[in-house]
Amino acid sequence: MKLTGVELRRIRMPLVAPFRTSFGTETSRDILLLRAVTDVAEGWGECVAMADPLYSSEYVDAAADVLRRFLVPALTGYRRLDAAAVGPALHRFKGHRMAKAALETAVLDAELRAEGRPLSRELGAVHDRVPAGVSVGIMDSIGELLDAVGGYLAEGYLRIKLKIQPGWDVEPVRAVRERFGDDVLLQVDANTAYTPGDGPRLARLDPFDLLLIEQPLDEEDLLGHARLARQVRTPICLDESITSARAAADAITLGACQIVNIKPGRVGGYLESRRIHDVCAAHGVPVWCGGMLETGIGRAANVALAALPGFTLPGDTSASDRYYRTDVTAPFVLADGHLDVPTGPGIGVEPLPAALDEVTTSTEWLTP
Ligand code: OSB
Ligand code: MG
């Protein structure tokens, strides 16, 4: 396969409701989509970098810049390019995993479409639908939170994740347990908002039987998470800290986590995600698929990944309407608390041209 060029397309997608985390509030997403054009097929990739470097060091303008100046040009001259060659070709450029993931995914989608093979099969999926959880942002009041959680449970979501930060942790968790009972699968995500001295405070969540506490401490603080894991009964799950299969192996060996959130953008793509899945499986560590408020493009690939056997917990793979009034693909809908794994070639979905044009803010054509 030979890469002819890559289109960078920026879209603006208003969220159906503001999404507040310990690092900020999103009301609308500024998203970079990639379309890889090759001699045999075209493929799509969604870059999950956010507008500001608050979740990680990456941000969408930087992703576009590094793709334009370094990553796409590095694929020049490959007469027989395939997705497996993309990682090695980009390896000498440090970091920028979200940008690399988007490029690798677009190439992988083109390759699989040309061969008529679905991404789910390529990755080793064993399910044709995946259980859906939902990530619920920080709210202005407990009443508002209970209304939101009640709505999601009524829709059929099988697991609730509450965003927490100091001052919004024990009370919201207690309120959700009191209102909706002990059977609800419930977990929390701090996005690094706590400090190593917060062990006793986080141990106050133990009585609520949470599935996990996600990323309480700084992303670089593996030792701190290992110490914290000895102070709390609730399992620790890492998100921001897990940037590669090696990081996952290190964190598990150190005792810094008992569960891993796999986000393909954060780790450089779906091929590295599968390696993390395999490392975790070898250690008996459950994994689940995280999300970055993706459109249907990124969601399709995440759902394929979430169908691998080690994904034993429901992911942040919610239906399209949890995020956007109109998606750029046919919407993912919740059926009996699950999303169907796409069965078509590649990622199995395509942007709807009119819907895509409606939200496009700019396009740029890059030749390698
Ligand atoms: O930490 O998992 C996170 C959204 C944006 C950035 C970071 C995170 C999230 C979510 C939402 O929790 C996941 C989703 O529904 O896509
Ligand atoms: Mg998280």
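This is a predicted model, so every value here is computed, not measured.
A donor-acceptor pair under 3.5 Å is formed between the side chain of D39 and the backbone N or O of K2. Of the possible donor and acceptor atoms, one in the side chain of R159 sits under 3.5 Å from a partner among the backbone N and O of P314. The closest donor-acceptor contact from the side chain of E240 to the backbone of S56 lies at 3.5 Å or more, if one exists at all.
A salt bridge links D336 and R129; the closest N-O separation between the charged side-chain nitrogens and carboxylate oxygens is under 4.0 Å. The pair R20-D140 meets the salt-bridge criterion, with a side-chain N (NZ, NE, NH1 or NH2) lying under 4.0 Å from an Asp/Glu carboxylate O.
The closest side-chain donor-acceptor pair between D206 and T234 falls under 3.5 angstrom. A donor-acceptor pair shorter than 3.5 Å cannot be found between the side chains of T105 and E46.
More than 12 non-hydrogen atoms from other residues, nucleotides or ligands lie less than 6.0 angstrom from CD of E171.
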**OP:** Output, in order, the C-alpha distance, side-chain angles, deciding distance and verdict of side chain to side chain contact (heavy atoms under 4.5 Å, CB included) for D316 and W288.
**Re:** CA-CA 8 Å; D316 284 344; W288 55 280; 3.5 Å; yes
**OP:** Show the numbers, then the answer: is there a salt bridge (Lys or Arg N to Asp or Glu O under 4.0 Å) between D189 and K161?
**Re:** CA-CA 7 Å; D189 184 2; K161 163 169 135 181; 3.1 Å; yes
**OP:** Take Y270 and D109, measure what side-chain hydrogen bond (donor to acceptor under 3.5 Å, both in side chains) needs, and give me the verdict at the end.
**Re:** CA-CA 11 Å; Y270 289 87; D109 186 35; over 6 Å; no
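For A64, the side chain to side chain contact (heavy atoms under 4.5 Å, CB included) criterion is met by L8, R10, L32, R68, not counting sequence neighbours. Remark: T363 engages E7, R9, T360 in a side chain to side chain contact (heavy atoms under 4.5 Å, CB included) (not counting sequence neighbours).
Annotation for V37: hydrophobic cluster partners, listed by chain and number, are W365 (ILVMFWY side-chain heavy atoms under 4.5 Å, direct or chained).
Taking every heavy atom of both residues into account, L217 and P196 meet most closely at CD2-N, 3.9 Å.
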